[in-house]
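It should be emphasised that the depicted structure is a prediction, and the values quoted were computed from it without experimental measurement.
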Amino acid sequence: MWPWDITEPSTTNRVPRLRKLPGNNKPTLTTMQEEINEFVEALYRFVANEIKRVTDPIYCQEGIKIVDARNHIFRLSDTLRTDEAEDTYALSDLCIVDEDMQTVPNRQRMYRIARNYWNG
């Protein structure tokens, strides 16, 4: 629960004013880098779960659609290729093969995808 409550709109610019709720709650500000890190971790977990579910993620015929990046909402799609304009990514484009020859999510690729949503 946020320690702020929205009261009546301001008369100057019609933006609601905030008032402090009782208690020692301090508002926490999320920096852009924290938002990016949270997005990458959520996408990483989603891709990792899909890697476990499919037999061979490199040749998988499914993709992932980013429905809402800021709220970490992803869904499966039957996309065969990556289309960044449509926010769809082939599962194989989100994976790499590590030194142990295991398919794992590509965290660096996910950070590059995050740049599409956060300019930073």
Side-chain angles (χ1 to χ4, degrees):
M1 168 107 186
W2 288 97
W4 301 93
D5 187 21
I6 297 177
T7 61
E8 76 235 33
S10 170
T11 57
T12 57
N13 55 7
R14 298 182 187 234
V15 175
R17 284 186 248 162
L18 299 176
R19 69 177 169 86
K20 185 98 165 112
L21 292 175
N24 291 331
N25 297 330
K26 293 182 181 177
T28 57
L29 297 176
T30 304
T31 64
M32 187 183 309
Q33 188 59 48
E34 288 172 338
E35 287 183 18
I36 291 170
N37 291 342
E38 288 174 4
F39 167 80
V40 169
E41 288 305 313
L43 184 57
Y44 186 93
R45 286 190 307 269
F46 190 85
V47 172
N49 288 335
E50 286 307 303
I51 290 172
K52 291 176 189 174
R53 186 183 64 81
V54 299
T55 55
D56 191 1
I58 299 300
Y59 297 105
C60 180
Q61 299 295 316
E62 293 180 346
I64 294 174
K65 174 149 179 76
I66 300 173
V67 178
D68 186 354
R70 297 196 184 267
N71 291 312
H72 312 153
I73 301 174
F74 315 111
R75 71 174 174 84
L76 292 177
S77 125
D78 55 357
T79 303
L80 300 175
R81 61 182 168 79
T82 294
D83 185 358
E84 291 186 2
E86 294 292 324
D87 297 324
T88 57
Y89 299 89
L91 184 59
S92 60
D93 288 345
L94 298 174
C95 300
I96 58 171
V97 178
D98 67 0
E99 59 274 355
D100 296 327
M101 300 304 291
Q102 299 295 317
T103 304
V104 295
N106 186 346
R107 193 178 302 269
Q108 295 305 316
R109 172 78 168 118
M110 293 174 190
Y111 274 107
R112 289 193 303 272
I113 291 170
R115 282 190 239 148
N116 295 339
Y117 304 101
W118 289 272
N119 297 326

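Shown here are the side-chain hydrogen bond (donor to acceptor under 3.5 Å, both in side chains) partners of Asp87, two or more places apart in sequence or in another chain: Tyr117. With sequence neighbours left out, the side-chain hydrogen bond (donor to acceptor under 3.5 Å, both in side chains) criterion links Arg112 to no other residue. Checked against side-chain contact (heavy atoms from CB on, under 4.5 Å), Ser92 has the following partners two or more places apart in sequence or in another chain: Ala90. In this structure Asp83 satisfies the side-chain contact (heavy atoms from CB on, under 4.5 Å) test together with Arg81, Ala85, Glu86, Thr88, sequence neighbours excluded. Residues passing the side-chain hydrogen bond (donor to acceptor under 3.5 Å, both in side chains) test with Asn49, sequence neighbours excluded: none. Partners of Glu62 by side-chain hydrogen bond (donor to acceptor under 3.5 Å, both in side chains), not counting sequence neighbours, listed by chain and number: Arg53. With sequence neighbours left out, the side-chain contact (heavy atoms from CB on, under 4.5 Å) criterion links Arg70 to Glu35, Asp68, Trp118.
Counting only residues at least two apart or in different chains, ring pair (Phe, Tyr, Trp, His ring centres under 6.0 Å) contacts with residues 46-72 comprise Phe46-Phe74. Among residue pairs with one or both ends in residues 90-107, those qualifying as salt bridge (Lys or Arg N to Asp or Glu O under 4.0 Å) are Glu41-Arg107; sequence neighbours excluded.
Following chains of ILVMFWY side-chain contacts shorter than 4.5 Å, one can reach Leu76 starting from Tyr44, so the two form part of one hydrophobic cluster. Note on Met110 and Val97: separate hydrophobic clusters, where clusters join Ile, Leu, Val, Met, Phe, Trp and Tyr whose side-chain heavy atoms are under 4.5 Å apart, directly or indirectly. Note on Ile66 and Ile36: same hydrophobic cluster, where clusters join Ile, Leu, Val, Met, Phe, Trp and Tyr whose side-chain heavy atoms are under 4.5 Å apart, directly or indirectly. Both Tyr111 and Leu94 are assigned to one and the same hydrophobic cluster, defined by single-linkage of ILVMFWY side chains at heavy-atom distances under 4.5 Å. Hydrophobic clustering of Ile, Leu, Val, Met, Phe, Trp and Tyr side chains at less than 4.5 Å, counting indirect connections, keeps Leu91 apart from Val67.
Between Glu84 and Arg109, at least one side-chain nitrogen of the basic residue sits less than 4.0 Å from a carboxylate oxygen of the acidic one, meeting the salt-bridge criterion.
At distances below 3.5 Å, not a single donor-acceptor pair connects side-chain atoms of Asn71 with backbone N or O atoms of Ile73.
Proximity of Cys95 to Val47: side-chain heavy atoms (C-beta onward) are separated by under 4.5 Å at one or more points.
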